[in-house]
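Just so it is clear, the model here is predicted, and its values are computed rather than measured.
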Amino acid sequence: MKNVYEKIQDFYRELSDYYPIITRSLVDGYLRQRAWQGLGYDELEEVWIVLQAFLRYVTYEEFVDLDKIVEDDYQNLLLWIIDDVKKDNDEEQALKDIFIVLKDFYAYLIKKNVLLSLDGLHNAEQKFSSVESLSLPNEMTMGITIFDENFQESDLLIEDIADKLNLLLERLLSDIGRYFKGEKFIADFNRALSLYSGPFNAIPEDDGEEFWLGFWDYFLFDYHLIETDSKPLAHFYKMKQAELTHDEKHVISDLLQAKFTVFYIKRILNNSMVECVDLFTDEIIKLPMPDYGIGDYKKMLFYGHIYVNGIVMLNYISSISVSKILRKRIKEEILHQCELYKAQDPLAGIADFFKRHAILVRHTIDILVNLAKLNVVQPERLNVHFEQNTIIDDPDFNVTVLLQIMAKKYQLSIYDMKLLLKMWCDYSSLRKKVQDKAELIASAIFLIFIEMNGIHHINSDFFKRELNLLDSELNQQMHDIIETLELQEFDSRYLTEEGFVLSLYVF
């Protein structure tokens with residue numbers, strides 16, 4: 001883990017294209033002075049959190065003189081900093097902490113002849129004080145609403161509006177990131193990392209900006225939460241809508257319209273626009289010219305989230321160099337996977353497949369390009385036809401309940417539980433006599449399911465030891481289920497997202 005001084009170095013490297021009003025040496029010197037005064041590592045980190053948010057705000061707002069920051073500026077500043085500092089939603093304490101840090105830092109700057117007085121900061125503190133507490137001004141009264149009834153898309157070309165939108169986006173993404181890094185979502189975060197990195201790939205520890213940009217794009221827009229099966233950005237909007245400002249609601253609503261798309265550039269229209277083609281639907285898409293240029297665009301394939309009619313083009317777009325032949329093969333292999341997915345959803349089209357398995361598409365492209373494999377789907381899997389179970393009789397209730405208990409105990413997602421119960425229903429429709437065998441059948445089905453899908457956080461040996469069953473009984477029951485359902489190694493009727501991804505790498 002990086003120490004606070006290394007984080008300062010990274011911060012100023014990030015702002016290298018700007019001209020911060022306060023130099024790195026001043027900030028570094030101030031924190032070293034606080035360390036000499038007895039502040040511990042955790043306390044220095046808390047001070048740096050406040051200073052970092054403060055420095056980013058005054059830098060992006062291009063202040064050239066701290067003595068000229070007025071009360072309205074401090075209002076905006078507090079709105080910017082508050083969520084980075086508050087703990088347990090205690091805004092009152094957070095505001096006090098902010099003023100404590102800033103007053104001490106300002107006093108240091110006065111000694112260094114960078115600042116003349118504390119008057120502006122003291123006035124701001126008094127304005128936001130009641131008898132015993134501090135209160136944060138309402139955002140709608142601060143004149144920073146962007147998307148009012150008079151807003152037009154051309155307004156984004158106005159520098160002041162564009163800056164406000166950038167501030168809004170950075171604060172909003174920080175809020176979303178903090179929300180999903182909470183204890184409630186630890187299992188989801190780890191599962192998403194495993195799905196994104198793949199079964200045999202390492203996760204970068206420190207460096208790896210490209211990895212983390214791609215990961216957050218996947219997590220917010222394509223990952224499915226364990227408990228609800230909803231996508232994180234949509235879940236955040238649903239749970240936090242009442243707390244969001246008008247502008248934040250507008251931005252998230254815009255982003256939720258984005259869809260995962262694989263496309264290539266057909267031609268350059270002008271200096272600012274390109275004409276693209278959706279690889280799977282042949283839809284024509286007009287997009288802004290990438291900031292980094294496009295080089296030999298005829299050999300590039302792009303994938304990520306786009307919303308052509310949106311105001312906010314936030315999403316991370318990946319690009320790779322491919323030949324036309326490889327581009328065709330990528331399309332064919334992904335369409336093959338879509339056909340396999342129809343074993344679960346017979347009416348699924350490519351859009352439905354992308355909604356469920358965008359991560360599979362990412363891995364498929366990566367494997368075909370970087371591992372030079374001819375295909376990722378075993379040809380024999382494409383020739384299997386599964387009869388759809390139309391039996392509507394309810395299967396044995398005791399087995400169903402046991403499977404639900406096991407799924408929740410071992411943190412299977414709600415979608416995985418659906419597939420698990422589908423396996424049980426299919427077996428039950430073919431094997432009617434299950435009296436007095438509920439625990440045996442449920443355990444056998446659960447083991448088959450987790451082993452088929454490579455769910456590695458469940459130790460099958462440990463699971464077996466917890467059962468009050470003989471190995472011979474369990475093995476015999478598993479064999480009967482496999483034979484009755486004619487299960488394959490990666491049976492697409494019951495493959496989870498993890499199972500589909502794993503199947504790419506072991507073939």
Side-chain angles (χ1 to χ4, degrees), residues 60 79-80 83-84 139 144-149 151-157 161-182 185 188-189 192 195-196 209-225 228-263 273 276 278 281 283 285-291 302-319 351-352 354-359 361-362:
Y60 287 173
L79 187 63
W80 171 267
D83 285 332
D84 287 333
E139 181 175 345
I144 64 171
T145 299
I146 301 170
F147 302 105
D148 57 23
E149 63 274 9
F151 174 79
Q152 297 180 359
E153 189 172 345
S154 58
D155 291 345
L156 293 176
L157 299 175
I161 297 294
D163 288 344
K164 287 178 180 178
L165 180 58
N166 287 333
L167 288 171
L168 170 67
L169 282 171
E170 183 155 346
R171 190 182 72 245
L172 184 57
L173 291 175
S174 177
D175 289 346
I176 294 171
R178 189 182 303 105
Y179 178 78
F180 285 110
K181 287 180 180 178
F185 296 101
D188 276 302
F189 196 80
L195 278 165
Y196 183 75
E209 181 181 3
E210 197 79 7
F211 174 91
W212 290 108
L213 283 171
F215 168 75
W216 279 106
D217 180 71
Y218 158 67
F219 180 77
L220 292 178
F221 292 90
D222 293 321
Y223 176 73
H224 299 90
L225 293 170
T228 63
D229 199 49
S230 57
K231 296 179 180 180
L233 186 61
H235 175 83
F236 178 86
Y237 185 64
K238 178 181 178 181
M239 301 304 295
K240 294 291 185 178
Q241 187 172 2
E243 302 173 28
L244 298 174
T245 67
H246 170 78
D247 285 347
E248 288 170 337
K249 291 177 183 177
H250 189 103
V251 167
I252 295 181
S253 297
D254 207 45
L255 292 175
L256 287 172
Q257 303 303 312
K259 65 176 183 177
F260 184 81
T261 309
V262 183
F263 61 98
M273 298 292 292
C276 306
D278 186 311
T281 67
E283 177 188 357
I285 310 166
K286 294 181 181 180
L287 294 173
M289 179 78 72
D291 293 337
F302 302 84
Y303 56 96
H305 298 89
I306 59 174
Y307 175 38
V308 177
N309 298 318
I311 298 298
V312 184
M313 297 294 287
L314 172 70
N315 310 88
Y316 173 75
I317 302 295
S318 297
S319 62
D352 303 300
F354 279 5
K355 287 177 182 178
R356 174 57 55 184
H357 287 293
I359 192 60
V361 176
R362 291 175 183 268

Worksheet item: Can you tell me how far CD of Glu248 sits from CG of Asp175, rounded to the nearest 0.5 angstrom?
Response: 6.5 Å

Fill in: Counterpart residues, side chain to side chain donor-acceptor pair (under 3.5 Å), relative to Tyr303 (two or more places apart)
none

Practice prompt. Give the ring-plane orientation class for Phe189 versus Phe215, where under 30° counts as parallel, over 60° as perpendicular and anything between as tilted.
Written response: perpendicular

Item to complete: Evaluate side-chain contact (heavy atoms from CB on, under 4.5 Å) for Ile176 paired with Trp216, printing each intermediate quantity in order.
Response: CA-CA 10 Å; Ile176 294 171; Trp216 279 106; 5.6 Å; no

Worksheet item: Rounded to the nearest 0.5 Å, how far apart are CD1 of Ile285 and CZ of Phe302?
Response: 11.5 Å

Discussion item. Restricting to ring-ring contact (aromatic ring centres under 6.0 Å, His included), what partner residues turn up for His224, sequence neighbours left out?
Written reply: none

Worksheet entry | Met239 atom CE: more than 12 heavy-atom contacts under 6.0 Å | no

Worksheet item: Centroid-to-centroid, Tyr223 to Phe219, below 6.0 Å?
Response: yes

Worksheet entry | Residues which pass salt bridge (Lys or Arg N to Asp or Glu O under 4.0 Å) with Asp278, listed by chain and number, not counting sequence neighbours | none

Worksheet item: Which atoms form the tightest heavy-atom contact between Phe236 and Leu244, and what is the distance?
Response: CE2-CD2, 4.1 Å

Practice prompt. Identify, with sequence neighbours excluded, every residue that meets ring-ring contact (aromatic ring centres under 6.0 Å, His included) alongside Phe260.
Written response: His305, Phe354

Worksheet entry | With Lys249 via salt bridge (Lys or Arg N to Asp or Glu O under 4.0 Å) - residues at least two apart | none

Discussion item. Rounded at 0.5 Å granularity, tell me how far CG in Leu287 sits from CD1 in Ile306.
Written reply: 5.0 Å

Worksheet item: Out of curiosity, Ile252 CD1 to Leu172 CG, how far, rounded to the nearest 0.5 Å?
Response: 4.5 Å

Worksheet entry | By side chain to side chain donor-acceptor pair (under 3.5 Å) - contacts of Asp352 (at least two apart) | none

Worksheet item: How far apart are the C-alpha atoms of Arg356 and Asp229, what are their side-chain angles, what is the distance that settles it, and do they pass the side-chain contact (heavy atoms from CB on, under 4.5 Å) test?
Response: CA-CA 10 Å; Arg356 174 57 55 184; Asp229 199 49; 2.7 Å; yes

Worksheet, complete the sentence: In this structure, CG of Asp222 is separated from CG of Leu195 (nearest 0.5 Å) by 11.0 Å

Worksheet item: Which residues satisfy the side chain to side chain donor-acceptor pair (under 3.5 Å) test with Gln241, sequence neighbours excluded?
Response: Tyr237

Fill in: Under the side-chain contact (heavy atoms from CB on, under 4.5 Å) test, residues paired with Lys355 that sit two or more places apart
Lys231

Worksheet item: Can you name the ring-ring contact (aromatic ring centres under 6.0 Å, His included) partners of Tyr218, sequence neighbours left out?
Response: Tyr196

Item to complete: For Pro232 and Phe180, work out which heavy atoms get closest and say how close.
Response: O-CZ, 3.1 Å

Worksheet item: In Å, rounded to the nearest 0.5 Å, how long is the span from CG of Leu256 to CG of Leu220?
Response: 10.0 Å

Item to complete: For Gly214 and Arg362, work out which heavy atoms get closest and say how close.
Response: O-NH1, 4.4 Å

